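Structure, as structure tokens:
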Protein chains: 2
Amino acid sequence: MDSRHTSREKLTDTLRAHGINPTHQRIEIAHALFSRQEHLSADQIMAIVNERHCETSKATVYNTLNLFVAKALIREVIVDPTRVFYDPNTEPHYHLYDVQSGRLTDVSSADVRISGLPDLPEGMVAEGMDVIIRVRPAI
Amino acid sequence: MDSRHTSREKLTDTLRAHGINPTHQRIEIAHALFSRQEHLSADQIMAIVNERHCETSKATVYNTLNLFVAKALIREVIVDPTRVFYDPNTEPHYHLYDVQSGRLTDVSSADVRISGLPDLPEGMVAEGMDVIIRVRPAI
DNA sequence: AGCCGGGCTGGACTGTGTCTAATGCAGCCC
DNA sequence: GGGCTGCATTAGACACAGTCCAGCCCGGCT
Ligand SMILES: [Mn+2]
Ligand SMILES: [Mn+2]
Ligand SMILES: [Zn+2]
Ligand SMILES: [Zn+2]
């Protein structure tokens with residue numbers, strides 16, 4: 001398991017490297033995401049951070065997650081209409097979404113080849129491509 | 001332009017073919033989606049249907065759209081965290097999403113070749129694959 | 001006419017996410 | 001130390017998509 005981002009000291013450096021002032025709350029929120037390498041909703045992140053005792057407010061959780069996304073430290077995954085998932089993995093990759101359980105799994109994009117995509121409309125630049133494979137338990 | 005689904009009579013048949021009892025409200029909602037071949041939110045659909053005079057309630061719009069999705073007459077497109085888009089095109093195809101304007105465009109999947117996807121986890125069946133290319137106006 | 005069942009509806013409700021106005025706080029200058 | 005400045009945090013109000021519920025409507029049947 002990769003522990004690049006798990007210690008608070010390393011996380012502090014990572015935040016600074018992304019132009020983010022490393023406050024206590026921001027470090028704890030980053031830790032929740034980077035220590036587990038999972039896709040979490042804002043709600044889940046807040047529950048994790050405040051597990052022992054209250055460390056941060058709802059407003060700060062949302063402010064921080066939006067800041068992390070703007071600074072490209074994490075990314076959003078839009079797959080469930082009721083909530084956004086936050087992904088600490090910013091490498092290009094795709095997702096497997098279990099519609100039954102709501103579990104979201106990474107799919108390496110290394111081996112995937114996509115060809116035949118049309119040219120973009122004039123004056124448009126691609127910002128990224130999301131590939132989501134929706135699966136469900138058989139019967 | 002394909003007018004298979006635009007007349008109320010044809011829509012009535014289409015609804016029946018999908019096991020949906022064709023009421024006035026359901027026909028109007030289907031008409032809003034199939035006459036324009038666009039991706040519309042529930043809100044937009046309700047505005048269209050009630051444009052001349054009030055014909056349907058919010059509850060019915062949502063009930064109907066969920067019924068249409070369950071009966072595979074239309075499909076949802078999850079691309080914007082604030083609202084669901086409904087797509088009258090159920091043929092396999094991908095989407096181009098202009099994050100600036102919120103406009104959603106179809107991309108034919110006929111020419112696209114995707115290879116190297118991993119095997120699905122044991123006991124899982126694919127329900128579909130969403131491909132969304134996020135674009136924005138250059139500078 | 002009376003019953004039945006599906007469909008429709010206003011309005012209450014839920015849950016995410018945003019906004020605002022107040023407070024805290026750390027660094028700086030005097 | 002005391003004031004200033006700017007950013008971060010916060011509680012709570014708010015916005016808003018979507019759901020739920022309980023009652024009504026209405027067409028078909030007997
Ligand atoms: Mn990084
Ligand atoms: Mn069809
Ligand atoms: Zn991921
Ligand atoms: Zn489409």
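In this text, all values refer to a predicted model and were calculated from it rather than measured experimentally. Chain naming here is simple, since letters A, B, ... match the order of the sequence lines and numbering starts at 1 in each.
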Self-check item: Set of residues satisfying salt bridge (charged side-chain N to carboxylate O under 4.0 Å, His left out) with respect to A:Arg26, sequence neighbours excluded
Solution: none

Exercise. Taking the side chain as every heavy atom from C-beta outward, state whether B:Ile48 and B:Arg36 have any atom pair closer than 4.5 Å.
Key: yes

Exercise. Round to the nearest Å and state the distance from B:Asp43 atom CG to D:dT19 atom P.
Key: 13 Å

Quiz item: What is the minimum heavy-atom distance between A:Pro88 and A:Gln37, and which atoms define it?
Solution: CG-OE1, 3.0 Å

Quiz item: Among residues 97-105 of chain B, which contact DNA chain C at a heavy-atom distance under 4.0 Å?
Solution: none

Quiz prompt | Leading and trailing nucleotides of DNA chain C with any atom under 4.0 Å from heavy atoms of chain A | solution = C:dT16 to C:dC19

Exercise. Classify the nucleic acid contact of B:Ser41 as base, sugar-phosphate or nothing, counting any heavy atom under 4.0 Å across all strands shown.
Key: nothing

Quiz item: Can you check the A:Asn21 CG to D:dG6 C1' distance for me, whole Å?
Solution: 11 Å

Give me, pair by pair, the N or O atoms of the protein and of nucleotides 25-27 of chain D that are less than 3.5 Å apart, along with how far apart they are.
none

Exercise. Return the set of residues passing salt bridge (charged side-chain N to carboxylate O under 4.0 Å, His left out) with A:Glu28 (not counting sequence neighbours), or none when no residue passes.
Key: A:Arg8

Result block: side-chain N/O donor-acceptor pairs under 3.5 angstrom for residues 112-129 of chain A, not counting sequence neighbours:
| residue | atom | partner | partner atom | Å |
| --- | --- | --- | --- | --- |
| A:Arg113 | NH1 | A:Ala110 | O | 3.4 |
| A:Glu127 | OE2 | B:Arg136 | NE | 2.7 |
| A:Glu127 | OE2 | B:Arg136 | NH2 | 2.7 |

Quiz prompt | For DNA chain C, the residues among residues 56-68 of chain A that have a non-hydrogen atom under 4.0 Å from it | solution = A:Lys58, A:Ala59, A:Tyr62, A:Asn66

Quiz prompt | Whether B:His93 and B:His39 hold their rings parallel, tilted or perpendicular, with breakpoints at 30° and 60° | solution = tilted

Exercise. Could you pull out all residues at least two apart from A:Asp130 that satisfy salt bridge (charged side-chain N to carboxylate O under 4.0 Å, His left out)?
Key: A:Arg75, B:Arg134

Exercise. Heavy atoms only: give me the nearest B:Tyr86-B:Leu33 pair and the separation to one decimal.
Key: O-CD2, 3.6 Å

Practice problem: Provide, to the nearest angstrom, the distance between the CD atom belonging to A:Glu28 and the P atom belonging to D:dA8. | Solution: 17 Å

Quiz prompt | Distance, rounded to the nearest Å, where B:Asp80 contributes CG and D:dG18 contributes C1' | solution = 14 Å

Quiz item: When Ile, Leu, Val, Met, Phe, Trp and Tyr are grouped by side-chain heavy atoms lying under 4.5 Å apart, directly or through other members, which residues fall in the same group as B:Tyr62?
Solution: none

Self-check item: Nearest-Å distance for atom pair CE/C1', residues A:Met46 and D:dT9
Solution: 12 Å

Exercise. Figure out the CG/C1' separation between A:Asn50 and D:dT10, and round it to whole Å.
Key: 12 Å

Quiz item: What pairs with A:Asp43 under salt bridge (charged side-chain N to carboxylate O under 4.0 Å, His left out), at least two apart in sequence or on another chain?
Solution: none

Exercise. Mind checking side-chain hydrogen bond (donor to acceptor under 3.5 Å, both in side chains) for A:Ser109 and listing every partner two or more places apart, or none if nothing turns up?
Key: none

Practice problem: Taking all non-hydrogen atoms of both residues into account, name the closest pair between A:Thr56 and A:Val61 and its distance. | Solution: CG2-CG2, 3.9 Å

Self-check item: Residues in side-chain hydrogen bond (donor to acceptor under 3.5 Å, both in side chains) contact with A:Thr12, at least two apart in sequence or another chain
Solution: none

Quiz item: What integer distance in Å separates A:Gln25:CD from D:dC7:P?
Solution: 17 Å

